[in-house]
Amino acid sequence: LYLGRVALGNGEIDETLVGEVTLIQNCKGRKRYWEIEVVDGEGRVKQLLIPVQSGVRKGIVYRFFLKNDILLGVEEM
């Protein structure tokens, strides 16, 4: 997981996370969200709650843009 800081145009600092999606499962009680696990090259794991429409797939490396652990966007690497 690459945890970096990105300065946005409005001066706010956000977190970026780069890693491979290794697990996707339905979020209990929230039909439109998935719980995913993201693993970096060093084996560190982070769990995220993301909307189903984000379209992430298992086995693909993504960059996640976060603010206070809230997903702002996803980019396939």
Side-chain angles (χ1 to χ4, degrees):
L1 302 165
Y2 168 76
L3 295 176
R5 296 284 180 189
V6 177
L8 297 179
N10 58 8
E12 296 181 24
I13 306 273
D14 289 278
E15 190 175 20
T16 59
L17 176 125
V18 176
E20 179 182 345
V21 175
T22 58
L23 175 71
I24 299 175
Q25 61 186 16
N26 292 327
C27 184
K28 295 177 184 174
R30 297 181 116 183
K31 293 181 181 180
R32 296 182 181 177
Y33 286 88
W34 286 331
E35 290 180 45
I36 66 168
E37 280 188 357
V38 181
V39 179
D40 71 353
E42 297 176 5
R44 293 179 291 196
V45 177
K46 179 156 179 141
Q47 293 184 335
L48 297 173
L49 183 66
I50 65 167
V52 170
Q53 66 265 26
S54 65
V56 298
R57 296 172 299 187
K58 186 175 173 182
I60 306 294
V61 176
Y62 293 94
R63 178 180 291 139
F64 298 92
F65 299 94
L66 308 165
K67 179 177 180 181
N68 300 327
D69 288 333
I70 298 171
L71 184 71
L72 299 176
V74 178
E75 177 183 29
E76 188 174 335
M77 301 298 291

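Index from 1, following the sequence.
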Is there a chain of hydrophobic side chains (I, L, V, M, F, W, Y, each step under 4.5 Å between heavy atoms) that links L17 to I24? yes
Path from W34 to Y62 over hydrophobic side-chain contacts below 4.5 Å: yes
To the nearest 0.5 Å, what is the distance between OG1 on T22 and CD on Q47? 9.0 Å
Could you check whether any side-chain heavy atom of T16 comes within less than 4.5 Å of a side-chain heavy atom of L66, counting everything from C-beta outward? no
Flag yes if L48 and L23 sit in one hydrophobic cluster, no otherwise; membership is Ile, Leu, Val, Met, Phe, Trp, Tyr, and two members link when side-chain heavy atoms are under 4.5 Å apart. no
For residues 50-59, run the donor-acceptor check on the side chains, cut-off 3.5 Å, and write out each pair with its distance to 0.1 Å, sequence neighbours left out.
unit_1, atom_1, unit_2, atom_2, d
S54, OG, P51, O, 2.8

Residues in side-chain hydrogen bond (donor to acceptor under 3.5 Å, both in side chains) with E20, at least two apart? none
How about F64 and V21: do any of their side-chain heavy atoms sit closer than 4.5 Å? yes
Quick one, V74 and F65 - any side-chain contact, counting heavy atoms below 4.5 Å? no
Holding to side chain to side chain contact (heavy atoms under 4.5 Å, CB included), I want the full list of residues that pass it with E35, two or more places apart in sequence or in another chain. Q25, C27, L49
